[in-house]
J.: 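Please read through the structure below; I'll follow up with questions.
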Amino acid sequence: MALRRHMKNFVKNYSDSEVKVREATSNDPWGPSSSLMLEISDLTYNTVSLLEIMNMIWHRMNDQGKNWRHVYKSLTLLDYLIKNGSKKVILHCREGLFNIQTLKDFHYIDEAGKDQGKCILPRPVN
């Protein structure tokens, strides 16, 4: 999987910032490392890197189905960046609030019948 990801990063000519976000939001069954999230948060102070990071996060957040970990990890990374990155991350989140709100309807039932979508955002209690 790492080789495939490396090749895709090369072929699509992703920047260093985009590669780091893709690694942090991969489909691997573990969360992004705190050291990687720290690197990404430091990059948010560079205007060009910030745009690349936020665009990749929005892209990953729109994934569907079996890529539910992309969505979950994007939210985890976004939470970290809001708390530890540039204040401009918050401005981007305000502008992209619709992208986050659409996740209220996110569903993915895995092969074992478990709803992986319910861990994305808490459901409102009626």
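If you read the sequence from its start, that first residue is 1, and numbering goes on from there. Here the structure is a predicted model, which means the values were calculated and not measured.
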J.: Let's go through Val19 and Phe10 carefully: what are the C-alpha distance in whole Å and the side-chain angles of both, what is the deciding distance for side-chain contact (heavy atoms from CB on, under 4.5 Å) to 0.1 Å, and is it a yes or a no?
T.: CA-CA 9 Å; Val19 169; Phe10 179 77; over 6 Å; no
J.: Restricting to non-hydrogen atoms, name the atom on Ala24 and the atom on Ile40 that form the minimum distance, rounded to 0.1 Å.
T.: CB-CD1, 3.9 Å
J.: Run the side-chain contact (heavy atoms from CB on, under 4.5 Å) check on Lys88 and Tyr45 step by step: do they pass?
T.: CA-CA 8 Å; Lys88 292 181 180 179; Tyr45 291 93; over 6 Å; no
J.: Tell me, please, which residues at least two apart from Thr25 pass side chain to side chain donor-acceptor pair (under 3.5 Å).
T.: Arg60
J.: Linking I/L/V/M/F/W/Y whenever their side-chain heavy atoms sit closer than 4.5 Å, directly or via other members, would Leu75 and Leu38 fall into one cluster?
T.: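 Same cluster: Leu75 reaches Leu38 through Ile, Leu, Val, Met, Phe, Trp or Tyr contacts under 4.5 Å.
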J.: List the steps and the verdict of side-chain contact (heavy atoms from CB on, under 4.5 Å) for Met61 and His70.
T.: CA-CA 6 Å; Met61 208 177 281; His70 291 178; over 6 Å; no
J.: Test of understanding: with side chain to side chain donor-acceptor pair (under 3.5 Å), list the residues that count as partners of Asn99, not counting sequence neighbours.
T.: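 Side chain to side chain donor-acceptor pair (under 3.5 Å) check on Asn99 returns nothing, list empty.
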J.: Can you see which heavy atom on Thr44 is nearest to which on Ser41, and at what distance?
T.: OG1-O, 2.5 Å
J.: Scan for salt bridge (charged side-chain N to carboxylate O under 4.0 Å, His left out) pairs involving residues 74-86, sequence neighbours excluded, and state none if there are none.
T.: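 Qualifying pairs, neighbours excluded: Asp79-Lys83.
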J.: Check the hydrophobic clustering (I, L, V, M, F, W, Y; side-chain heavy atoms under 4.5 Å; chains of links allowed) and say if Tyr80 and Ile90 are grouped together.
T.: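 As far as the 4.5 Å side-chain criterion goes, Ile90 and Tyr80 are connected within one cluster.
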J.: Name all residues meeting the side chain to side chain donor-acceptor pair (under 3.5 Å) criterion together with Glu39; count only those two or more places apart in sequence or in a different chain, and write none if there are none.
T.: Lys20
J.: Which pairs would a plain distance check flag for residues 47-54, meaning a side-chain donor or acceptor within less than 3.5 Å of a matching protein atom at least two apart in sequence or in another chain?
T.:
| from | atom 1 | to | atom 2 | distance (Å) |
| --- | --- | --- | --- | --- |
| Ser49 | OG | Ser17 | OG | 3.2 |
| Glu52 | OE1 | Ser15 | OG | 2.7 |

J.: Under a 3.5 Å distance rule, please check whether Lys73 uses its side chain to pair with a backbone N or O of Trp30 as donor and acceptor.
T.: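 Here the side-chain-to-backbone pair exists.
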J.: Just wondering, do Asn67 and Tyr72 contact through their side chains at under 4.5 Å, heavy atoms?
T.: no
J.: Grouping I, L, V, M, F, W and Y whenever their side-chain heavy atoms are under 4.5 Å apart, do Val21 and Leu91 come out in a common cluster?
T.: no
J.: With sequence neighbours excluded, tell me which residues meet side chain to side chain donor-acceptor pair (under 3.5 Å) with Ser26.
T.: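 Partners of Ser26 by the side chain to side chain donor-acceptor pair (under 3.5 Å) criterion, ordered by chain and then number, come out as Asp28.
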J.: If I take atom NZ from residue Lys8 and atom CG from residue Leu3, how far apart are they, to the nearest 0.5 angstrom?
T.: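 If we round to the nearest 0.5 Å, Lys8:NZ and Leu3:CG are 13.5 Å apart.
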J.: Would you say Asn62's side chain and Trp58's backbone share a donor-acceptor pair under 3.5 angstrom?
T.: yes
J.: From Glu18 CD over to Asp16 CG, what is the distance, rounded to the nearest 0.5 angstrom?
T.: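 Rounded to the nearest 0.5 Å, the CD-CG separation comes to 10.0 Å.
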J.: Check the pair Val89 / Asn84 against side-chain contact (heavy atoms from CB on, under 4.5 Å), numbers first and verdict last.
T.: CA-CA 9 Å; Val89 171; Asn84 300 292; over 6 Å; no
J.: Closest heavy-atom contact between Asn27 and Lys66?
T.: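 Smallest interatomic distance, heavy atoms only, reads OD1-O, 3.9 Å.
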J.: Quick one: CG on Asp63 to OG on Ser74, what's the gap to the nearest 0.5 Å?
T.: 7.5 Å
